[in-house]
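One structure is given here, and the rest of the page talks about it.
Both counts, for ligands and for their atoms, begin at 1 and track the order of listing. Values below: every heavy atom of this structure, side chains too, minus hydrogens, waters and symmetry copies.
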Amino acid sequence: MAEAIAEAKRCLNCKAPQCKKGCPIGNDIPDWIHELSMGNIGNAMNIINAKSNLPAVCGRVCAHERQCEGHCVMGKLGDHINIGRLERFIADFDTQMNLTRRPISAKTRGKVAVIGSGPAGITVAGELARKGFNVDIFEMEKRAGGVLTFGIPDYRLPGNVVDSEIEKIKQLGVKVLVGVTVGPDITVDGLFDNGYDAIFMGTGAGKPKALDIEGGDSKCIMQAIHFLRLASMYNNKVIRRRDIGLKTNSRVFIVGCGNTAMDAARTALRLGAQEVTVVYHRGIENMSALRAEYDEAVAEGVKFLWYSSIKSIRHNPEGTDYLLAMEVEGVVTDMPADKVIIAVGSRPASRIVSTTDGIETDENGYVITREYPFGMTTRKGVFAGGDVSGNQATVVHAMANARAVAESIASYVDAINLLRTIDQQ
Ligand code: SF4
């Protein structure tokens with residue numbers, strides 16, 4: 001506490017705060033830092049909550065170096081305010097002390113179904129519940145959180161932190177129904193028949209892209225999102241170590257150089273891989289991973305092959321299970337490998353689109369949304385946001401997009417209810 005307050009006191013409370021400009025959700029950073037500097041943590045939390053439903057998550061996984069902290073004027077003097085750590089402190093303190101009471105607004109404005117409980121779904125649910133809507137979240141997994149629970153390793157974002165954030169959303173009156181897959185279990189039309197005024201698709205992009213090379217269907221290939229999910233299940237004692245499919249002392253190659261690639265590389269090392277090498281077809285200056293994530297991966301022993309790509313994969317008659325034909329800066333050599341983990345992005349699954357009339361997608365499978373009403377798909381009353389609509393970036397970008405869509409859903413539901421009332425008169 002003393003450390004956090006001392007750090008907050010360094011903030012200049014700038015009149016035109018650059019930190020806020022650097023935040024995709026326009027978090028009122030100086031205002032809550034000022035409250036913290038006076039020890040008013042409840043006030044600080046309320047200010048944060050006006051813009052964010054996931055501060056304990058953002059405080060841990062946001063790209064602070066490129067966003068708020070990267071813009072802080074104190075950084076020009078050599079030592080930016082540690083905004084991410086302060087946000088995390090406030091959110092964790094609030095959770096531990098059960099500090100802020102979340103007023104449950106009267107749910108009079110309408111009923112909204114939210115499909116998916118990742119960052120976009122949680123944001124829409126939280127925003128609409130605060131605005132007076134009845135909101136039910138439908139989550140196909142048995143545990144809520146989506147990519148926050150299954151796509152980010154525990155050492156970066158512990159599962160109990162995500163659970164606490166979801167608990168706070170429930171305290172706003174949101175119902176979370178787990179183990180229900182919209183598509184096979186209940187269709188979008190079925191949801192409308194059950195009285196929902198609008199539906200939000202925040203189903204993410206969980207269908208990984210394949211590796212189009214000779215041997216690209218080898219058993220040694222695994223998708224990073226699948227691997228991270230298995231590692232998370234193992235950490236939560238849902239599966240056994242051997243079910244992950246990664247032998248200890250194995251040689252692992254990771255294809256791709258984003259944050260998911262860093263997560264997969266570090267997780268493989270922590271699971272006992274002997275050597276983990278990231279393979280990237282461009283240079284370090286082009287990687288999409290955060291510098292801090294890269295630095296930590298290097299510190300843990302992850303190796304990097306720049307301007308490199310795997311040309312083919314074949315069985316190895318001796319030693320490791322496979323041989324990779326690896327092209328490094330134009331020269332192809334064989335490299336022994338046991339596992340190749342692919343982290344080159346993903347696209348949306350088509351469970352909802354294929355079971356619903358009228359929701360159109362682009363050629364890559366992303367749901368097409370409109371500018372007005374913002375975020376509405378080609379099907380009236382069905383909205384989408386976050387990764388499923390092609391806004392694939394970071395957790396906070398999905399939140400920023402979802403906040404705007406929530407605003408639009410609120411206006412849409414108000415409008416249709418007004419029309420219904422006029423019709424009845
Ligand atoms: Fe405080 Fe830095 Fe933001 Fe200025 S830019 S208000 S010093 S955090």
Please check if atom CZ in Phe192 has more than 12 non-hydrogen atoms from other residues, nucleotides or ligands closer than 6.0 Å.
yes
Are any of the side-chain nitrogens in Arg85 or Glu7 under 4.0 Å away from the carboxylate oxygens of its partner?
no
So, Asp362 and Arg347, do they make that salt bridge, N to O below 4.0 Å?
no
Out of Lys380, Arg109, Arg420, which residue meets the salt bridge (charged side-chain N to carboxylate O under 4.0 Å, His left out) rule with Asp197?
Arg420
Neighbouring protein N, O or S atoms of atom 4 (Fe) of ligand 1 [cut-off: under 2.8 Å, no waters]
Cys14 SG
Will you find, in the side chains of Tyr280 and Asn286, an N or O donor that is under 3.5 Å from an N or O acceptor?
no
Quick one: do Arg143 and Asp163 make a salt bridge, cutoff under 4.0 Å?
yes
